[in-house]
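We name chains A, B, ... by the order of the sequence lines, and we start the count at 1 in each one.
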There are 2 protein chains.
Amino acid sequence: MSGGVTKGVRVTAHDVAKRAGVSQSAVSRVFTPGTSVSPLMAEKVQKAADELGYRPNVLARSLITGRSRIIGLLVSYLENQFYPEALARLSKAFQAKGYRILVFMVSRDEGETDRVVQDLLDYQVDGIVAASVGLSDDVALKCTRSGVPAVLFNRGQGHPDLCEVTSDNRGGARQVADLFVTSGRERIAHISGWSGSSTARERAEGFKERLAERGTCLFAEACGDFTRDGAVGAARRLFNVPRGERPDAVFVANDHMAFAVMDVLRFELKLQIPDEVSVVGYDDVPMAGWPSYNLTTVSQSLDDMVLATVNQLLARIKKEELPATHERLAGRLIRRGSA
Amino acid sequence: MSGGVTKGVRVTAHDVAKRAGVSQSAVSRVFTPGTSVSPLMAEKVQKAADELGYRPNVLARSLITGRSRIIGLLVSYLENQFYPEALARLSKAFQAKGYRILVFMVSRDEGETDRVVQDLLDYQVDGIVAASVGLSDDVALKCTRSGVPAVLFNRGQGHPDLCEVTSDNRGGARQVADLFVTSGRERIAHISGWSGSSTARERAEGFKERLAERGTCLFAEACGDFTRDGAVGAARRLFNVPRGERPDAVFVANDHMAFAVMDVLRFELKLQIPDEVSVVGYDDVPMAGWPSYNLTTVSQSLDDMVLATVNQLLARIKKEELPATHERLAGRLIRRGSA
DNA sequence: TTGAAAGCGCTAACAA
DNA sequence: TTGTTAGCGCTTTCAA
């Protein structure tokens, strides 16, 4: 017989103490890393605990230590494959450090900010990662100000009080501009993301900036709002026009939209990619490598971003009042078949 | 001036009580739904609370009520778009009921079971949803037995002690068999999912069963393990053969694999879909409707599954000891271009 | 309806 | 190294 893990019975440290014939605080010590207990005591307690199926109650512990070992993750939509990927890796990385992720799905609507912040604080999360498109900055700022460290993941406009981990959107977009110009494209367009997002703005700016430096300028532009439907609309507006007015290259602000654009170009407008029009995305989500799309794109090195996020956040959880940092990880152009 | 939400200061019910000139328990009552307080008291307390920026500490509350309002969600990989979709909707649905989702990413490896169960119990989750491919049953069973209700989402083999919400995999697969036979396909193949999963087995069985009833039998079969790489391998084994031995229809156990199969067929083997070979998937993830794939598939009506899951779990959290139920929601064949 | 008091399960001083 | 004691912030009897 291996022990008494019986149905729904809460075994407390007190029960273990009684069975082992020691004090309750001794039990606590045995289960608290970094405390000193004699080998004998450890063994006695461990034995009793095993027999009773005891495990410390994390919530009770949190109450006194002030640490819940829970990280709040703000996400707004998981349609874009980049986010599930990020979620999975963030979750694993935090898990490896003994933290868990509590998910907060938020819509892009305004006004929700305060409710979300309250929710976050109510659960006593130790820190938050804001990967949502909309109200991230606002929420992150409020949390930081109430003493809960926050890191903006894949967004941020250089706010001096906020920690940000992004890719070098400007730099990535510049590489795309170079690719188009160098390969002799002449009517270069851009389909941008949601204008409320810094990521969208930086990609657009870097792209135009570099185009200008190379002596060209943008031929056409439309906003796709980072959604599939938005991108479909933008693609139609840009390409459903007489031949001569049609762009011969388009930089789409993320892969998720780029797939939609390619679908419109190939299936609705019967255009050849990349012969008649080059398409480049941003993110390098797994699907970009699938033969059906084979999308040239800028890689965000998700692993580095995740690593940086985890490190920054945990550092701030351990030691308050670290100054805000802005990490911008280099993006790398991945050349595939679409450009 | 709107209030004193100052940096990192924990405002307790006690502080509010002092400011409002009432007892601490009065404050508690005002913030506990379903207690009786006079309007005057409510107002006084509310005012003081607002001024101080007070919110009850959920963890402390949990300690005494024994309810954390946290649901543990077990997922194994988010590559298959079905799972992020499910995660997003489950999260929203639970959120609407005042619960939050704590994510537990687990790999398909064996042996982890106990660690995962411990983790889950440590966090005092009120219930768990197991959507992971691997150790779901084991984990769910152990949790249920220790008094934490669990629902298996999209898996389950009819275990009498476990709550399950699945789609009618057998029925869905039968519809696919009918489609193939009716449309005159003669060499019908199947690419199956991971054999450790009930979902995979049911889909395979239903398919073969109906084929037999219609007087045919399976021409070829390969296992794709529910992964993209697995599916690529399976497709090659099945189709990279002399013309006459090549299947003219294939039912792939989920959309995620079906996309891989289509990629192999079209880009590596230069086969025409659906002319030379019909492809049907399962799940109806959003991507299935994109023109690049335009995949005929069986729809899982995710919203119904989510609703059922939430209802079952919350019912069990409120009232212990409800008998296990197995909900199998009907699947619907969505005819698109690939078959 | 309200306040006083007990205690949820644990950690962290402090003494021994 | 160990036990004793005092809370963490809250809900919930119990009297008033």
K.L.:
Would you kindly check whether a donor in the side chain of B/Ser28 faces an acceptor in the base of D/dT12, or vice versa, at under 3.5 angstrom?
P.N.:
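Under the 3.5 Å cut-off, the side chain and the base do not form any donor-acceptor pair.
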
K.L.:
Between B/Ser62 and B/Gln124, do the side chains contain an N or O donor and an N or O acceptor separated by less than 3.5 Å?
P.N.:
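No, B/Gln124 and B/Ser62 have no side-chain donor paired with an acceptor closer than 3.5 Å.
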
K.L.:
Of B/Tyr54 and A/Ser36, whose nearest nucleotide on DNA chain D comes first from the 5' end?
P.N.:
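Whichever sits nearer the 5' end wins; that is A/Ser36.
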
K.L.:
Give A/Val27 one of three labels, base, sugar-phosphate or nothing, depending on what nucleic acid heavy atoms sit under 4.0 Å from its own.
P.N.:
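If one applies the 4.0 Å heavy-atom cut-off, A/Val27 turns out to touch nothing in the nucleic acid.
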
K.L.:
Between B/Ala42 and B/Gln24, which residue's closest nucleotide on DNA chain C lies nearer the 5′ terminus?
P.N.:
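This one resolves to B/Ala42.
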
K.L.:
For the side chain of A/Ser23, counting heavy atoms from C-beta on, which of D/dG3, C/dC8, C/dG9 is nearest?
P.N.:
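Shortest atom-to-atom distance from the side chain points to D/dG3.
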
K.L.:
For A/Tyr77 together with A/Phe226, are the ring centres under 6.0 Å from each other?
P.N.:
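Centroid separation for A/Phe226 and A/Tyr77: 6.0 Å or greater.
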
K.L.:
With a non-hydrogen cut-off below 4.0 angstrom, is B/Ser25 in contact with a base, only sugar-phosphate, or nothing?
P.N.:
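Touches a base.
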
K.L.:
Remember a base hit wins even if backbone is also touched, and classify A/Thr32 as base, sugar-phosphate or nothing at under 4.0 Å, heavy atoms.
P.N.:
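Sugar-phosphate contact only.
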
K.L.:
At under 4.0 Å, does any side-chain N or O of A/Thr12 touch on OP1 or OP2 of C/dG9?
P.N.:
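No, outside the criterion.
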
K.L.:
Return the nearest nucleotide to the side chain of B/Thr65; candidates are D/dT12, D/dG9, C/dT11.
P.N.:
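Given the options D/dT12, D/dG9, C/dT11, the side chain of B/Thr65 is closest to D/dT12.
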
K.L.:
Kindly indicate whether the side chain of B/Arg29 and the base of C/dG3 share any N or O donor-acceptor pair separated by less than 3.5 Å?
P.N.:
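For B/Arg29, whose side chain was compared with the base of C/dG3, there is a donor-acceptor pair (under 3.5 Å).
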
K.L.:
Between B/Arg19 and B/Asp15, does any side-chain N to carboxylate O distance fall below 4.0 Å?
P.N.:
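Here B/Arg19 does not pair with B/Asp15 in a salt bridge, since their nearest N and O are not under 4.0 Å apart.
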
K.L.:
Under 4.0 Å, heavy atoms only, any strand: does A/Arg55 hit a base, just the sugar-phosphate, or nothing?
P.N.:
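A/Arg55: backbone/sugar contact only, no base atoms under 4.0 Å.
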
